[in-house]
Amino acid sequence: MNLLQFLFILALSVTVIAEKKSYDGYKLYKVVPKTEKEVEILEEIRDARFADFWNEYFKVNDDVRMLVEPDLQLVVQGRLMHAGVQVSTIIEDVQKVINKQLTPIKDPSRSSSFLSYDWEAYHDLNAIERWLDELVTEYPSIVSPVTMGYSVENRTIRGIVINYNPSRDKPAAIIEGTLHAREWISTAAVTWIIKEFLTSNDEDVRAMAENLEWHIFPVVNPDGYVYTFTDDRMWRKNRSPASFTSCAANNVSDDMSNGVDLNRNFDFEWMTIGASNNSCTNTYAGPSAASEPETKAISNYVLNVKEKADIVYYLSFHSFTQLFILPYSHVTNVTQFPADNHDDLVEIAINSTQKLSERFGTHYRVGIAAEVLYPMGGSSFDWAKAYGNASISYLIELRDEGQYGFLLPPEQIIPNNLEIMDALVEMDKSTKRLGYYVPTSAASTSIYSLALITLAVLSVNLFN
Ligand SMILES: *[C@@H]1O[C@H](CO)[C@@H](O)[C@H](O)[C@H]1NC(C)=O
Ligand SMILES: *[C@@H]1O[C@H](CO)[C@@H](O)[C@H](O)[C@H]1NC(C)=O
Ligand SMILES: *[C@@H]1O[C@H](CO)[C@@H](O)[C@H](O)[C@H]1NC(C)=O
Ligand SMILES: *[C@@H]1O[C@H](CO)[C@@H](O)[C@H](O)[C@H]1NC(C)=O
Ligand SMILES: *[C@@H]1O[C@H](CO)[C@@H](O)[C@H](O)[C@H]1NC(C)=O
Ligand SMILES: *[C@@H]1O[C@H](CO)[C@@H](O)[C@H](O)[C@H]1NC(C)=O
Ligand SMILES: [Zn+2]
């Protein structure tokens, strides 16, 4: 055994015995930099690693969220106050909010469950996998289990295919959740969409469920997701040890280097912008394009689906900020490289988010990444658009706008899911109106025949 192997094994055993990280007394602060000078002060705080920022980049007048451990709160507040920067405390004790995410809300008037699963709290990977098994058992002619591939730690990346009337050819749609481990609301939203497709009586939901072959993967980063339950609630990346190194220079724990940001690792504009080559950061793009087994699994799966059918939708669910992001994300100005159907993507997203806002008034913004977030290369939904030829490809950032961020309370799971379902229904209607696919199933036939009958009745009346 050479020294490197020894260090590697040592690192692994340290990982194994590492305790779950406590966020007792951590505070979440909000700062809105008003000037370039204030942006610089935030950058200093970031570079000194006095805070863990939930934003990758800072802009004047854009909200910034930072998580600060108890020992550094005075330093950070002092630094900001000294420079005249206003700061407010959004979460007083982060660990309490994390605990709440795992505590089911007990309100019988709004209880929800479907088989062994519910949306009263966030659930771990075991609960999700058990539920996927139940779906296959309960809906044998509609739901089939599918394996996308295996993670770094050799967990199975599991999903289901929902196909009503499998004998009929239909276009495909792919939904991916939890590419980023800590974005738990994405897991809860994707599982809800599955429930709706299987149980809803709404005819628009039925049409959407039945006219397409749905490939749905609630957790495409299973290692990272498990790690958010067992070790560190704030973990984002996968759990690859391949770039393990000392992170002393970054003043973060060395464990930070055990992971690649999967949404920077795809082989589309890899490492060109908005990504890091330093494994001690949260946006580490990996040693090479598509280096990660999770990335390869998703890419190969998309290409396999594309062999057999047109991919109408590719939806990548994330949180937070409330955005519908359309391709492409590596440009700083949309005129540089618009998607071939850019205008349709904008119109569909605007109509969907307009519909979304009607239920609870929740506001989502629409645009390419450069317009609503920041430019980035190597993302899955851009790759799916470019190489999977997915007609309608979005990255959807779910609730909220940063009040709780990744720690969205369980009370908001169902409202988040209800409004996103409204958006998807409107998305599907707009997509059909624009002729992206022709509905064929009974669910939609009935709407069309109803329309024909109505027309017939009208014309009979007219000619009487
Ligand atoms: C990974 O898991 C699968 C079954 O889930 C097994 O067949 C395979 O041998 C495992 N591979 C490794 C490297 O452990
Ligand atoms: C970061 O630096 C401070 C001193 O500047 C030190 O006390 C702390 O232990 C360092 N944190 C990590 C995770 O290395
Ligand atoms: C990483 O990127 C920095 C600039 O962001 C560059 O200076 C450095 O050479 C790069 N390191 C490697 C190993 O590519
Ligand atoms: C994008 O480029 C176009 C054409 O060069 C220009 O008119 C527009 O102002 C640019 N938009 C932004 C936000 O820079
Ligand atoms: C991409 O999809 C469109 C619409 O489904 C189809 O017309 C076109 O032929 C596809 N292009 C490629 C390169 O597969
Ligand atoms: C989007 O909404 C506008 C305004 O309601 C409507 O005129 C338009 O037809 C809708 N677009 C699609 C593609 O459904
Ligand atoms: Zn994300």
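For clarity, every value in this text was computed on a predicted model and none was experimentally measured. Counting starts at 1 for both ligands and their atoms, following the listed order.
With 3.5 Å as the limit, one finds a donor-acceptor pair spanning the side chains of T281 and S276. In this model, no donor atom of one side chain and acceptor atom of the other lie less than 3.5 Å apart for Q322 and T362. Residues D52 and Y26 bring no donor and acceptor atom of their side chains to less than 3.5 Å of each other.
Using cut-offs of 30° and 60° on the angle between ring planes, the pair W214 and Y313 is parallel.
For the pair S391 and ligand 5, the shortest N or O to N or O distance does not fall below 3.5 Å. Residue K306 has no nitrogen or oxygen atom sitting less than 3.5 Å from a nitrogen or oxygen atom of ligand 5, judged on distance alone.
The six-membered or imidazole ring of F406 lies near that of F320, with a centre-to-centre distance under 6.0 Å. F266 has its ring centre no less than 6.0 Å from the ring centre of Y387.
Taking every heavy atom of L434 and a limit of under 4.0 angstrom, the matching atoms of ligand 6 come to 13 (C). Close approach of ligand 6 to R433 is summarised as follows: ligand atoms under 4.0 Å from at least one heavy atom of the residue are 12 (C), 14 (O). Residue S430 has at least one heavy-atom neighbour below 4.0 Å for each of these atoms of ligand 6: 12 (C), 13 (C), 14 (O). Interface atoms of ligand 5 facing D310, defined by a heavy-atom separation under 4.0 Å, are 5 (O).
Neither the backbone nor the side chain of K429 comes within 4.0 Å of ligand 6, counting heavy atoms alone.
Pocket lining of ligand 3, defined as residues with a non-hydrogen atom under 4.0 Å away: N277.
For CG of D169, the number of neighbouring non-hydrogen atoms (other residues, nucleotides, ligands) closer than 6.0 Å is 12 at most.
The residues D223 and R155 are annotated as salt-bridged, a charged nitrogen and a carboxylate oxygen being separated by less than 4.0 angstrom.
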Please evaluate residues F197 and V205 with respect to the criterion side chain to side chain contact (heavy atoms under 4.5 Å, CB included), reporting the C-alpha separation (whole Å), side-chain torsions for both, the decisive distance (0.1 Å), and the verdict.
CA-CA 7 Å; F197 283 174; V205 175; 4.2 Å; yes

